[in-house]
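Notes follow the structure.
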Amino acid sequence: LCSNNNPYTSFGATLARDEEQNLWSTPHDVTHTEADDDRVLYNMIVVRNQLDKDSEEWQKLNYDIYTLRQTRKEVRSRWKHILEDLGFQKEADSLLSVTKLSIISDSQNMSKARDILLKLSEETNIFPTSWELSERYLFVVDRLIALDAADEFFQLASAVYPKRPGGDRGDQGPRDPRG
């Protein structure tokens, strides 16, 4: 029997390759884009895979990769929480989905989207203090502008993730903006 005719022969290899291409947060996430932060993560994965798994360097890189992915998951979760609070329960995942094919809905919105994203970064803790702004969220803000929900998103983000002196939001999760 020739195993080359078996369509499932490369299944394990495909899963492993998908995991290495997972540049956002979860396996088989097709929403990643070729943004700078994705390239940084990809380069970390490539370097880690060239190291001996028992080495200290491999362990450090593996931890850094895990930490970066967890941070991305947390940021995405914060955005999703606010979107759902704004009434976008069914649309939250699609609003956060950014692929290589994503486009800015209106080029005139680009500067407003950048301003709002920068304002979110500076005036809220929706992003960790060490976070470099991701192009991914520029697309999300553009979608919010198109839905006329960007200002409401900012207001709720300010209430749920207020900026605190000296860093991240502290010891608790999102607080209820209603008091």
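Contacts of S94 classified as side chain to side chain contact (heavy atoms under 4.5 Å, CB included), with partners at least two apart in sequence or in another chain: E91. Not a single side-chain hydrogen bond (donor to acceptor under 3.5 Å, both in side chains) links K112 to another residue, sequence neighbours left out. Legend: residues meeting side-chain hydrogen bond (donor to acceptor under 3.5 Å, both in side chains) with N62, ordered by chain and number and at least two apart, are R48. Residues passing the salt bridge (charged side-chain N to carboxylate O under 4.0 Å, His left out) test with K119, sequence neighbours excluded: none. Not counting sequence neighbours, the partners of L118 by the side chain to side chain contact (heavy atoms under 4.5 Å, CB included) test are E122, L133.
The distance from the CG atom of L96 to the CZ atom of R76 is 5.0 Å, given to the nearest 0.5 Å. Taking OH of Y161 as the reference point, atom CD1 of I82 lies at 5.5 Å (rounded to 0.5 Å). The structure places CD1 of I65 at 5.0 Å from CE of M44, a figure rounded to the nearest 0.5 Å. The CG atom of L156 lies 5.5 Å from the CG atom of D85; values are rounded to the nearest 0.5 Å. Atom CG of L120 is separated from atom CZ of R78 by 12.0 Å, given to the nearest 0.5 angstrom. Here CG of L144 is found 6.5 Å from CZ of F88. Values are rounded to the nearest 0.5 Å.
Annotation for L86 and A149: closest pair CD1-O, 4.4 Å, computed over non-hydrogen atoms. The two residues K163 and S121 come nearest to each other via the heavy atoms NZ-O, 3.5 Å. The two residues E123 and F154 have their closest heavy-atom pair at OE1-CZ, 3.4 Å. Looking at every heavy atom in both residues, P162 comes nearest to N125 through O-ND2, 3.0 Å. Heavy-atom minimum distance, V140 versus L95: CG2-O, 3.5 Å. Nearest heavy-atom pair across P128 and T71 is CG-CG2, 3.6 Å.
Annotation: salt bridge (charged side-chain N to carboxylate O under 4.0 Å, His left out) contacts involving residues 53-64, sequence neighbours excluded, comprise K60-D64. For residues 141-154, every residue pair satisfying the side chain to side chain donor-acceptor pair (under 3.5 Å) rule, not counting sequence neighbours, is listed here: S102-R143, S105-D142.
Classification of the F127-W79 ring pair by plane angle, with boundaries at 30° and 60°, yields tilted.
L51 and V40 fall within the same hydrophobic cluster, defined by Ile, Leu, Val, Met, Phe, Trp and Tyr side-chain heavy atoms under 4.5 Å apart, directly or through other members.
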Self-check item: L147 vs F153, side-chain contact (heavy atoms from CB on, under 4.5 Å): CA-CA, chis, key distance, verdict
Solution: CA-CA 11 Å; L147 292 168; F153 184 93; over 6 Å; no

